[in-house]
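Working notes, structure below.
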Amino acid sequence: MNDDRAFELTLDEALQLLASGVSREECLRRFPHYADELAPLLAAAESARAGLLANQPLPTPNLARGKRRFLEAARASTQRPLGLLNARLVSALLALLLVIVLGAGVASASAQALPGDALYPVKRAIESAQLAVTFDGDTYDELQREHAERRRAEAREVLALQRAARLEFEGVVESVQSTTLIISGLALLTTEPQIFQVADVVHVLARAERGLLVAEAITMLARPTPFPAPTLTPILTPTRPVHTATPTRIVTTAMPTTLTVTRIVPTATATPTATPRVESTPTPQSEVTSTEARPTESRPTETPTPLRFTDTPTAESTATVPRPTPTATATGRP
Amino acid sequence: MQADVSLLQRVRANDPEALSELYDQFAPRLYTYIYRRVGEQRLAEDLTSEVFVKALSALRKGQFASASAQAWLYRLAHNLVIDHYRRDKGNLPLDESLPAPDSVPEAARRRHWQGQLREALPHLTEEQQHVIVLRFGEGQSAGEVARALGKTEESIRALQHRALAALRRWLGEDYP
């Protein structure tokens, strides 16, 4: 082992002691041979810990909001191949065009439209346009909340009128019963409500028929548990449990009746099954293109063949995570 | 790694389950990483969401080649944080969502070191910055950081040596 590697091992050991609460002075006393070299590096490490709030608990994040944005962006990008930014512009222009062509009166009338009405798409287009031209984060969130409440109000009105229509809304699970979820006051028929818990935030696709609301798909957006300490998902060797929110996969099964039954299937979190020989794996080199010139490492590092993601199926890319056989099992808290 | 490839293929195909799975699996750790860098909860939440939007866009353009999805996402997060620093060169606000400091001097001390690090980090290489944040912000061991970034433990120890040496040069003699 050369001097550099020996020092780096010692430095790592000293840093671990520092992190465990041992003072810098004590760390230097334990490694007198390297004390002069270690001193400034340990001081720099303490600066980094102070600047990164290492001892501060993290505030519990609201990741559901970001997830909604991501899923909406994904949906928007498939419907409008111009790209996400252009999609917003197109949406805004479309709404303006609708108002011009149809007249302000028609656009105004669309505000009262319900799912299934001819003017309902106009109403939704105008709402999308409102979001598209809102760049302030707080106003955007407020608009989203208004739209979400509007979806729930529409659902209540459709049910009261006993109309047949496809509905979409978000809400909070208030009650879990044997065949029903109460979501923000709306009773939703589903085959396996026990998958969900009170206070879960969910997105619902459902059909209203004869005054009943039947689930087609339920996606959990958030489950309000305390934000746990971050743990690392082992990529190479499963040495500690995976910490993630449990993804909930919802499967819809079409039945030969007018009602659609929903099966809810928890998705197993993928875990690595192989343990490559880490010591023989060289260091990968960053390959993401960047328009910015950033400082680079002065000492070259070994580079393995990076994982390439292409359209052409390869032996690597066709390997899939085995999917669980759909069964009706409730998931516990992560 | 095979699991990563499979998941990202499904994400690229706009599989709704895969989109949800990707976010659920990586958002918490990316949020933690970004929060350590920017120190603001709302901003960290927004940037976390933006990482996934950019990831999806990059996947659709075929711009993915990395040892692991996590390392790749960390890289995207890093770039977003850098872009944010460039746009916002103003004062570093103290995050009101943090527990109130016991004293005003403690708050001032916290703000001082956040500012010092924010000034110094961009002068390190991207990989050095990753190591600093994961190793000293999140308290991960060299082994854990190696797995997160798709490198060997030996490489990480070398990287942290160089990162700390570079940090020392930029911080000068100003230490806690």
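Every chain is numbered from 1 and lettered A, B, ... according to where its sequence line falls, protein lines coming before strand lines. Please read all numbers here as calculations on a predicted model, not as lab measurements.
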Please test A:Leu15 against B:Gln160 for side-chain contact (heavy atoms from CB on, under 4.5 Å), starting from the C-alpha separation and ending with a verdict. CA-CA 10 Å; A:Leu15 289 170; B:Gln160 80 180 352; 3.5 Å; yes

Should A:Glu37 and B:His161 be marked as a side-chain contact (heavy atoms from CB on, under 4.5 Å) after you check the CA-CA gap, both sets of side-chain angles, and the distance that decides it? CA-CA 11 Å; A:Glu37 287 179 79; B:His161 178 192; 5.6 Å; no

List the steps, then state whether side-chain hydrogen bond (donor to acceptor under 3.5 Å, both in side chains) holds for A:Lys67 with B:Ser49. CA-CA 7 Å; A:Lys67 183 176 181 178; B:Ser49 169; over 6 Å; no

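B:Ala142 and A:Asp12 get closest at one heavy-atom pair: CB-OD1, 3.8 Å. B:Leu167 and A:Ala44 get closest at one heavy-atom pair: CD2-O, 3.7 Å.
No other option in B:Val11, B:Leu121, B:Leu19 has as many heavy-atom pairs under 4.5 Å with chain A as B:Leu19.
Take A:Glu25 and apply the side chain to side chain contact (heavy atoms under 4.5 Å, CB included) test, not counting sequence neighbours, and it matches A:Ser23, A:Arg29. Applying the salt bridge (charged side-chain N to carboxylate O under 4.0 Å, His left out) criterion to B:Glu50, with sequence neighbours excluded, gives no partner residue.
Residue B:Leu117 touches chain A through its side chain alone, counting heavy-atom pairs closer than 4.5 Å. In this structure, chain A has a heavy atom under 4.5 Å from the side chain of B:Leu56, while its backbone stays farther away. Proximity to chain B is absent for every atom of A:Ala19, based on heavy atoms less than 4.5 angstrom apart.
Between the CZ atom in B:Arg168 and the CG atom in A:Leu42 there is a gap of 11.5 Å [rounded to 0.5 Å]. In this structure, CZ on A:Arg49 lies 9.5 Å from CZ on B:Arg36, to the nearest 0.5 angstrom. One distance of note links CZ of B:Arg162 with CG of A:Leu41; it measures 12.5 Å at 0.5 Å rounding. Here the OG1-CZ distance, from B:Thr48 to A:Arg65, works out to 10.0 Å after rounding to the nearest 0.5 Å. Rounded to the nearest 0.5 angstrom, A:His203 NE2 and B:Ser20 OG are separated by 11.5 Å. Interatomic distance, A:Leu11 CG to B:Leu164 CG, rounded to the nearest 0.5 Å: 6.0 Å.
Between the side chain of B:Glu45 and the backbone N or O of A:Asn62 there is at least one donor-acceptor pair closer than 3.5 Å. Of the possible polar contacts, one joining the B:Tyr23 side chain to the A:Leu63 backbone as a donor-acceptor pair under 3.5 Å is found.
Ionic pairing of A:Asp4 and B:Arg157 is not present here: no N-O contact between side-chain nitrogen and carboxylate oxygen is shorter than 4.0 angstrom.
For the pair A:Leu52/B:Ile132, a side-chain contact is recorded, criterion being any heavy-atom separation below 4.5 Å from C-beta on.
Aromatic ring pairs are classed by plane angle as parallel below 30°, tilted from 30° to 60° and perpendicular above 60°; the pair A:Phe70 and B:Phe52 is tilted.
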